[in-house]
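Worksheet for the structure shown next.
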Amino acid sequence: MQKGRLEAFSDGVLAIILTIMVLELKVPHGDNLAALRPLLPVFLSYVLSFIYVGIYWNNHHHLLSGTRQVSGGVLWANLHLLFWLSLTPFATGWMGENHFAPATLAVYGGILMGAAMAYFILQNCIIAVNGGPDSPLAHAVGHDWKGKLSPILYLAGIMSSFWLPWLAGACYVFVAFMWLVPDRRIERTLHTQPEA
């Protein structure tokens, strides 16, 4: 199977996720800057989630750039990832509306953890279909220290959300900033490979 439909469908779903999130931002009742103050938690949760969806879109694009073919397993693994990402608007809205209450932080972290694990599964399914552990894509992914550290930090955030909510938020923000630093492993490795 070719990857074109997978890319198009994934891009469409991610665009809808971002659209749903921005529609949750309500216009304030007032004509001065003070009217924006109550919306600050909603806006901050939107910004964090926008960054996360952007990170997944970017990494998904790079992963598929090294993909030559897909299988039924890859399609299901991709849907699994999109399922977790589709929960982002719900968790974002709930967290923002309730000013980062402990339960909302724990649920948000659980969704981030689910998406991270789903991406790991998708990555491994794609590698298996495209040449296995000796493939250029497997070499490009390498040891993936960010991919291994992220779930640990999400788990720390989930566990600390009821006792130290600020630490949970800090874990989620740190992971986002860690992934914002451009990761050029796939680009660098695949562009040095000879064309097949």
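FYI, side chains are in, hydrogens and waters are out, and symmetry mates aren't considered; it's all heavy atoms of this structure.
- No more than 12 heavy atoms of other residues, nucleotides or ligands shown are found within 6.0 angstrom of CZ on Phe50.
- More than 12 heavy atoms of other residues, nucleotides or ligands shown are found within 6.0 angstrom of CZ on Phe162.
- Judged as a side-chain hydrogen bond (donor to acceptor under 3.5 Å, both in side chains), not a single pair has a partner in residues 126-137 (not counting sequence neighbours).
- Between His60 and Asn78 there is a side-chain heavy-atom pair separated by less than 4.5 Å.
- The side-chain heavy atoms of Glu24 and Pro89, taken from C-beta on, include no pair separated by under 4.5 Å.
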List the steps and the verdict of side chain to side chain contact (heavy atoms under 4.5 Å, CB included) for Leu18 and Trp57. CA-CA 11 Å; Leu18 291 175; Trp57 176 78; over 6 Å; no
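- Note: Trp84 and His80 have perpendicular aromatic rings, judged against thresholds of 30 and 60 degrees for the angle between ring planes.
- More than 12 heavy atoms of other residues, nucleotides or ligands lie within 6.0 Å of CD in Gln69, so this atom counts as buried by the packing criterion.
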Let me check something: any side-chain donor-acceptor pairs from residues 27-45 under 3.5 Å, sequence neighbours excluded? List them with distances.
{"residue": "Asn32", "atom": "OD1", "partner": "Ala34", "partner atom": "N", "Å": "3.3"}
{"residue": "Asn32", "atom": "OD1", "partner": "Ala35", "partner atom": "N", "Å": "3.1"}
{"residue": "Ser45", "atom": "OG", "partner": "Pro41", "partner atom": "O", "Å": "3.2"}
{"residue": "Ser45", "atom": "OG", "partner": "Val42", "partner atom": "O", "Å": "2.9"}
{"residue": "Ser45", "atom": "OG", "partner": "Thr92", "partner atom": "O", "Å": "3.2"}

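- Across all non-hydrogen atoms, the minimal contact from Lys146 to Met178 is NZ-O, 3.2 Å.
- Closest heavy-atom contact between Pro102 and Pro165: CG-CG, 4.2 Å.
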Result block: side-chain N/O donor-acceptor pairs under 3.5 angstrom for residues 108-123, not counting sequence neighbours:
{"residue": "Tyr108", "atom": "OH", "partner": "Ser49", "partner atom": "OG", "Å": "2.8"}
{"residue": "Tyr119", "atom": "OH", "partner": "Asn59", "partner atom": "O", "Å": "3.1"}

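- Annotation: side chain of Ile20 is not in contact with side chain of Thr88 (no heavy-atom distance under 4.5 Å).
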What do the steps show when you test Leu64 against Thr67 for side chain to side chain contact (heavy atoms under 4.5 Å, CB included), and what is the final call? CA-CA 5 Å; Leu64 290 178; Thr67 303; 3.9 Å; yes
